[in-house]
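Below, all heavy atoms of this structure are taken into account, side chains as well, without hydrogens, waters or symmetry copies.
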Amino acid sequence: MDLKTPPGFCVAVVADKLRYPRGVQELPGGELAVVEMGGWVEGRGRVIVIGKDGTQRVLLDKLDRPNGITLGPDGKLYVGVVKRIVRIDPAQPGQATDFVTGLPGVGRHLLTALRFDQRGDLYVNVGSASDHCESTSGAEPAADKPCAENEGEQASGVIRKYSITWPGGVVKNWETYARGLRNSMAMAVHPATGALWQGENSRDNINIHMPQLKSDAELPHDELNLIRRGAHYGWPYCYDANLASPEYPSAKCASYTAPVRLLPAHAAPLGMLFYTADRFPAEYRGSLVMTFHGYRQHGHRLVALLPDKQGAPLGKMVELISGWDVKGKQGRGAPADVKQAANGDLLLVDDHNGQLLKLHFKD
């Protein structure tokens with residue numbers, strides 16, 4: 001596979017033949033914890049640890065489609081599985097405790113993504129059960145009624161925030177922090193402002209009700225959103241820069257919070273982080289690094305959104321890794337999670353090829 005990078009960058013394969021890897025997290029001693037989802041069948045997921053010598057050991061298995069993984073303020077691992085988040089002590093293999101329970105975990109977007117903020121509170125994605133609020137039988141939503149699944153305490157298509165008491169790591173309470181977000185698989189906390197940013201995986205099949213479109217290849221765009229408490233970001237009523245969805249032609253889209261940046265259509269951002277190390281050239285410091293996991297033409301890339309003068313990720317988009325796609329064979333590579341290593345390298349997993357990769361800059 002001939003991957004392409006900017007001058008000075010190189011990609012190394014750290015591990016391969018992994019079982020649908022969806023998450024990676026470096027441990028304090030330099031070992032790497034990797035989430036293997038194992039496919040879309042319940043109970044086949046696991047968390048493995050890859051040692052510095054390349055050896056692998058199983059930390060926990062028989063998990064239900066695990067996806068997100070992060071290191072908590074207490075040095076323990078937090079892993080998102082369907083309907084819950086578990087806490088794992090890397091020193092105690094085979095054991096886990098429930099940390100968050102009661103997530104809906106139904107429908108199209110049941111995988112769990114999570115991010116701690118600088119205070120140790122936890123943001124959790126609750127993806128929508130549908131594509132654009134259609135029923136389970138495929139019936140289109142009523143244009144004059146609110147989308148029921150995006151309403152109420154148990155709403156989907158939202159980001160929840162869990163308030164945590166440390167050092168014990170006890171959940172005090174939770175709230176629906178923001179609504180109208182179809183699937184928030186990519187989240188990152190800005191290191192300077194503490195603000196939460198989100199990469200929105202936008203809807204499919206918009207062309208069905210827009211006969212002027214031959215396909216949905218270029219619409220709607222995925223989005224980059226700056227998340228504010230209590231805000232509604234428009235799903236399923238609006239798309240792109242607050243345009244009414246064809247199923248909701250009378251939607252008052254100006255009342256919803258618009259994205260701060262449109263991303264390529266169906267790029268499917270799954271992982272993202274703000275780059276804070278000095279390993280890469282200075283222009284990348286503070287940039288927002290995103291995996292484009294999508295299997296269509298705009299996916300299969302790792303990109304950096306360079307910061308503007310205010311430090312927001314609104315500058316030029318640079319492809320850090322490309323070339324996964326081969327003409328006539330879309331989706332040859334599909335990067336999922338990305339994390340910054342202690343030495344400033346980037347670690348990422350590709351669930352299509354079953355690989356753990358490292359992006360390094362040769363100084």
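The structure places CZ of R203 at 10.0 Å from CZ of R108, a figure rounded to the nearest 0.5 Å. Atom CD of E200 is separated from atom CG of N225 by 6.5 Å, given to the nearest 0.5 angstrom. Atoms CG and CG, from L356 and D337 in turn, are 10.0 Å apart once rounded to the nearest 0.5 Å. L302 CG to D350 CG: the interatomic distance, rounded to the nearest 0.5 Å, is 11.0 Å.
Applying the side chain to side chain donor-acceptor pair (under 3.5 Å) criterion to Q340, with sequence neighbours excluded, gives T276. Under the salt bridge (charged side-chain N to carboxylate O under 4.0 Å, His left out) criterion, R229 pairs with E175, sequence neighbours left out. Taking the side chain to side chain donor-acceptor pair (under 3.5 Å) definition, one finds that N205 meets it with nothing, sequence neighbours left out.
With respect to the salt-bridge test (charged N to carboxylate O, under 4.0 angstrom), the residues K339 and D345 do not qualify. The pair K145-E151 does not meet the salt-bridge criterion, since no charged nitrogen lies less than 4.0 angstrom from a carboxylate oxygen. With salt bridges taken as basic N to acidic carboxylate O contacts below 4.0 Å, none links R182 and E223.
Between the Y256 side chain and the G180 main chain, no donor and acceptor come within less than 3.5 Å of each other. Remark: side-chain polar atoms of D222 are not paired, donor with acceptor, to backbone N or O of L262 under 3.5 angstrom. At least one donor-acceptor pair closer than 3.5 Å links the side chain of S245 to the backbone N or O of Y237.
If you check the side chains of H266 and E218, you find no donor sitting under 3.5 Å from an acceptor. Side-chain polar atoms of H352 and Y295 form a donor-acceptor pair below 3.5 angstrom. With hydrogens and angles left out, the side-chain atoms of N67 and R22 include a donor and acceptor closer than 3.5 Å. Using modelled atom types and a 3.5 Å distance limit, the side chains of S128 and E149 yield no donor-acceptor pair. Donor-acceptor pairing under 3.5 Å is lacking for the side chains of R115 and Y123. Side-chain contact, S137 with S135: a donor N or O sits under 3.5 Å from an acceptor N or O. When only modelled atom types and interatomic distance are considered, N183 and N125 share a side-chain donor-acceptor pair under 3.5 Å.
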Residue pair D308, K316: steps toward the salt bridge (charged side-chain N to carboxylate O under 4.0 Å, His left out) verdict: CA-CA 8 Å; D308 63 12; K316 178 183 178 182; over 6 Å; no
D325 vs R332, salt bridge (charged side-chain N to carboxylate O under 4.0 Å, His left out): CA-CA, chis, key distance, verdict: CA-CA 5 Å; D325 58 319; R332 187 180 178 187; over 6 Å; no
Step-by-step salt bridge (charged side-chain N to carboxylate O under 4.0 Å, His left out) determination, K4 to D2: CA-CA 7 Å; K4 301 175 183 178; D2 296 324; over 6 Å; no
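A cation-pi arrangement, defined by a distance under 6.0 Å to the six-membered ring centre and an angle within 45 degrees of its axis, is present between R160 and W174.
When each of R44, K62, R46 is tested with E36 by the rule salt bridge (charged side-chain N to carboxylate O under 4.0 Å, His left out), just one qualifies, namely R46.
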